[in-house]
Amino acid sequence: MKISSYKKTPLAAIVFWCVSFVCILSCTDRIDINTEASAPRLVIYGYITSDTTQHNIKITRSSGYFSTEKPEGIRNALVTIRTEQECFTLKESPLEAGLYQTDASVYGTEGKTYHLSVIVDFDEDGETEEYEASSYMPHPPRIDSIDFRPSILFDNYLEVLIWGHMPEKDENYLSFHLYRNQEIVNDSLQGFFIIDDEYMQQTEIIGVPCFYLDQEEEQSILHDGDEITARIDGVTKEYATFIGNAQSELWGSDPIFSGPPANVETNITSKHPSEDIRVSGFFTAFSGSKKKTVYHPKK
Amino acid sequence: MNKYVQTLFILLLFISITLSAQEKKFTISGYVRDANSGEDLIGAEVVLSGTRTGTVSNAYGFYSLSLPPGKYTLVFSYMGYLRKEIPVELSPDVKINVDLEINARELSEVVVAATSKNANITKAEMSVEKLSAKAIKTVPALMGEVDVIKAIQLLPGVQSTSEGSSGFSVRGGGHDQNLILLDEATVYSASHLMGFFSVFNNDAIKDVTLYKGDIPATFGGRLSSLLDIRTKDGNNQRFTGTGGIGLISSRLTLESPLGSKASVLLSGRRTYADLFLKLSGDENLRKSSLYFYDMNVKVNFRVNDDNRIFLAGYWGRDKFINTFAGMDFGNKTVTARWNHIFSPKVFSNFTLIGSFYDYYLKSDISSQLNQDWKSRMNDYGFKADFSYLPNPQNNIKFGYNFIYHHFIPGEGGGIGEESLVGRISLPKEYAMEHALYAANETSVGEKLKLKYGLRYSIFQNISKGIEIYNTRQQLEPRAGINYIMNDIHSVKGSYSRTVQYIQLASNSSSGSPLDVWFQASQHVKPQLCDQFAVGYFRNFADNAYEASVEAYYKDMKDVVDFKDHAQLMGNKDIEHELRFGKGYSYGLEVMLRKNSGKLNGWISYTLSKSRRKIDDINEGNWYRSPYDKPHNISIVGNYELTPKWSVSANWVYASGTPVTYPTGRFQIENNYVPIYSGRNEFRYPAYHRLDLSATWQLSKPGKRFKHELNLSLYNAYGRKNPWTIIFRQEDNQPDVSYAEMVYLFTFIPSVTWNFTF
């Protein structure tokens, strides 16, 4: 589905536009690049949310950049998520190697800090290594309603507008997702839309356009009667930074506006750091609120 | 601080001892000018006939030669002009203003570096490149826009920071380590249109000098180089005009006498790409603006033989505006200079300088999200420069420079009461930069020339209430030696220390118009560079060919870089994003130049290496600097086929820009995130390009109105040079990644009609 969302701020959008100007002058060609694959890294990624559902932690092995295989899941890990009061042990999915899941009755609570522990023999030397990460679960914002209007910026795009309130506690980093008929629209990292309220002066969200849906693209055309759900999660600053940095690495760099490429930092640490095993990924906790509506085109 | 002042005092004492106990001398002084336009000639040679004793005119065309009483014949010479011999009987002091006639035989010829004929052999300075405006004009240009900086990038030791960019790196230094002066005012952002064109209008330029290392003590504030650009004073003999109409811009320069003592220059340029947008079928494009303009104004007033006043100004602006966002940015510089001759031996120049750069961004998306953002840098400066020429063997310079920096790194935010976004203002920065300097260039016998000087620089951070809360200071010694083996051979060496107190807050390799500068402070040390260079200079065929080989080594301390994923725009705590370290670069530069004649141009080759070691970057290990390109070749040629036709070509080759490639990947949220190699471990494919141009003189000889047609072809063989390489996942096979090269210009033809009257 073709979807547009702003980058972090409208000012960043201006910079993005400047880059687009240069791109107008440019052409592209695919090229072959020979880079030797770096040593495989242990990748741990997942989160616990305020929803009552199965929460996933995925443990994989990184591959060479031009590998065409799916990431290899790491089996036989001992994965737990705990707070001071409770501890959840995640079970390995029988359907997908490397996917570890809680029971479906598990949910997180705002204001608590969650600790992830992963014990695994990644280098297959017969000795296990232990990795850990922690995340606070911020309070969620509230969505009151959603609405639609033709975009005033882009021809043939539909804007999704949101009304609601910011959480009163915490410094707020908000992650936006959109679902059409229970199917997530921005399901990839590229489509993630996270903003911070560092400079926000109002706690009320009044008709802020959050998504732009291309109505000439078959996959993103909204039909009369579609059930549309907007979800806003309160996420931590560290996670917002992780996603922002990962997105910037996906978009690539240019000589005018970008810094040099760099590895995205992780919050996963090893209890016994070893130079041989490097870790990537992230563990976080977030809470959210949802609002549903049925789409009816305005006449 | 006292020990520094003491050192400077000792240097002055040394100079004065050197000059003491001299016999009674008289002085011949005056100005050397172009007879046709009245323009001062910079670097014209004035020698006693049959000897090497002499001097050269300074940046204002002034010369002074003190000699024992007697009869002499003075020879005045300058490339492309007829020599003039003037007999002089020196008993009292004599003032002789000399007007040199352009050599009619060479009138249509291009002089690559206008100066005296073997100045490269005889002068003590090294690592200096000069280009004449006429030579710059012959270099084939992107879209026909003649560009000083693009010509500079073809010189040895100078690299373009990226395809089409106006940024340049000198001897492995950063693009923010170049001090760019336009009539002595700092130009903070020298580029138009995302860097594809520089802010300098070649028609208004008189002299371009690039110091790659041996920077005179008169100047400081940047680590790597000084690009000193002087505009024309304005023709004081008759009304003249120069202009052109090209594919993307037109330009006009007018010069005129103002009475008998003054002259004026007015020069302007504007692009008109936005006019074509009006023809678009897309309404958004029709409402968009996309253009730049710039203007130069200069007035000079010769009050009398001892006093002269210059007023110069530059205004330039870029505007990009569409229906939902807008950006405009530009420089302004103002210079007021007063030349005063205290005595025939003492020339002085007092300068007031204003230099301003600002940008403004605005988004127009929704009443809750609309924002604006602006940033501004203001410099107010004063300079007092003195030259004392006690005898032909010594040329002493001393003076004081002062700059008051007032930076507004950024302020803005939401617009209107409905805005969700608050307004913020980043802390304003104020500082004073002072420098005292003294230097002498002295001849020891016929064969040895020495150059030594000291610059004492002070940088003071000040609060709003003009309270100095942090002071940094540094002694910057500069020294050089030239052993003149004979008129065509010399060996030179130099050492210089340079300090940079303000840095560019940019981690991109070529910089953008949205970059701001930040100041040294209690937590940010100034960058420091020690540079050593040696060179061998040799001329051939009666100075028609100049050859040189220079080797250099630069040791840099407190080099600034930024942490990975640094957030530089709108960041209140930019110091937290900084990382510090060290660096070095060394290299060998070979140059063969034919300065004049039907065929002229140069071939240059640079072999170099540049490395950095910065805390937290590349895990603290040494890595290639972004400007490390081991091999760099430029071949520039201009040939006059017939009096009506001339052709030019340049070919450049450079090793690929260092780059960090992904060597691994991991998957999150249905996308693969790259895992990178060490910083700059790989290189882009090598860069090379051929540009061609031909100029057809349309006017008949002898006519006052002259016009010509210039046809040029940029990247003539269509080389696809990478501007960047990006990495993507296949849409239909998300587990398959691929690399895509983005390239900018292939086969760009252009036509420009130029005229003069």
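So that the names make sense, note that chain A is the first sequence line, chain B the second, and so on, each numbered from 1. Nothing here was measured: the structure is a model prediction, and the numbers come from that model.
Heavy atoms closer than 4.5 Å to chain A are found in the side chain of B/Phe682, but not in its backbone. Only the side chain of B/Ser162 comes within contact range of chain A, judged by heavy atoms closer than 4.5 Å. Both the backbone and the side chain of B/Tyr672 have a heavy atom closer than 4.5 Å to some heavy atom of chain A. Heavy-atom distances place the side chain of B/Arg679, and not its backbone, under 4.5 Å from chain A. Contact of A/Thr68 with chain B is made through backbone and side chain together, with heavy-atom distances under 4.5 Å. Looking at A/Asn56, neither its backbone nor its side chain comes within 4.5 Å of chain B, counting heavy atoms on both sides.
Ranked by heavy-atom pairs shorter than 4.5 Å toward chain B, the options A/Arg61, A/Glu265, A/Glu69, A/Lys58 are led by A/Glu69. Between chain A and the residues B/Ile617, B/Asp564, B/Ile675, the most heavy-atom pairs under 4.5 angstrom are made by B/Ile675. No other option in A/Ile31, A/Val43, A/Asp29 has as many heavy-atom pairs under 4.5 Å with chain B as A/Asp29. The residue among B/Arg728, B/Glu163, B/Gln729, B/Gln667 with the most heavy atom pairs within less than 4.5 Å of chain A is B/Arg728. Across A/Gly252, A/Ser62, A/Gly281, A/Ser248, the residue that shares the most heavy-atom pairs under 4.5 angstrom with chain B is A/Ser62. Between chain A and the options B/Thr660, B/Asn670, B/Ile668, the largest number of non-hydrogen pairs under 4.5 Å is found for B/Ile668.
Under the 3.5 Å distance criterion, with hydrogens and angles disregarded, a donor-acceptor pair is assigned to the side chains of A/Glu216 and A/Asn156. Between the side chains of B/Tyr623 and B/Asp561, a donor-acceptor pair is found at a separation under 3.5 Å.
Ionic pairing of B/Arg612 and B/Asp628 is not present here: no N-O contact between side-chain nitrogen and carboxylate oxygen is shorter than 4.0 angstrom. Between A/Asp233 and A/Arg231 there is a salt bridge, with a side-chain nitrogen of the basic residue lying less than 4.0 Å from a carboxylate oxygen of the acidic one. Taking a cutoff of 4.0 Å between a charged side-chain nitrogen and a carboxylate oxygen, B/Arg665 and B/Asp735 do not qualify as a salt bridge.
The side chain to side chain contact (heavy atoms under 4.5 Å, CB included) check on B/Pro722 picks up B/Tyr684, B/Pro685, B/Ile725, B/Met741, with sequence neighbours excluded. The side chain to side chain donor-acceptor pair (under 3.5 Å) test applied to B/Gln733 returns no partner, not counting sequence neighbours.
Here the side chain of B/Arg579 pairs a donor or acceptor atom with the backbone of B/His576 at under 3.5 angstrom.
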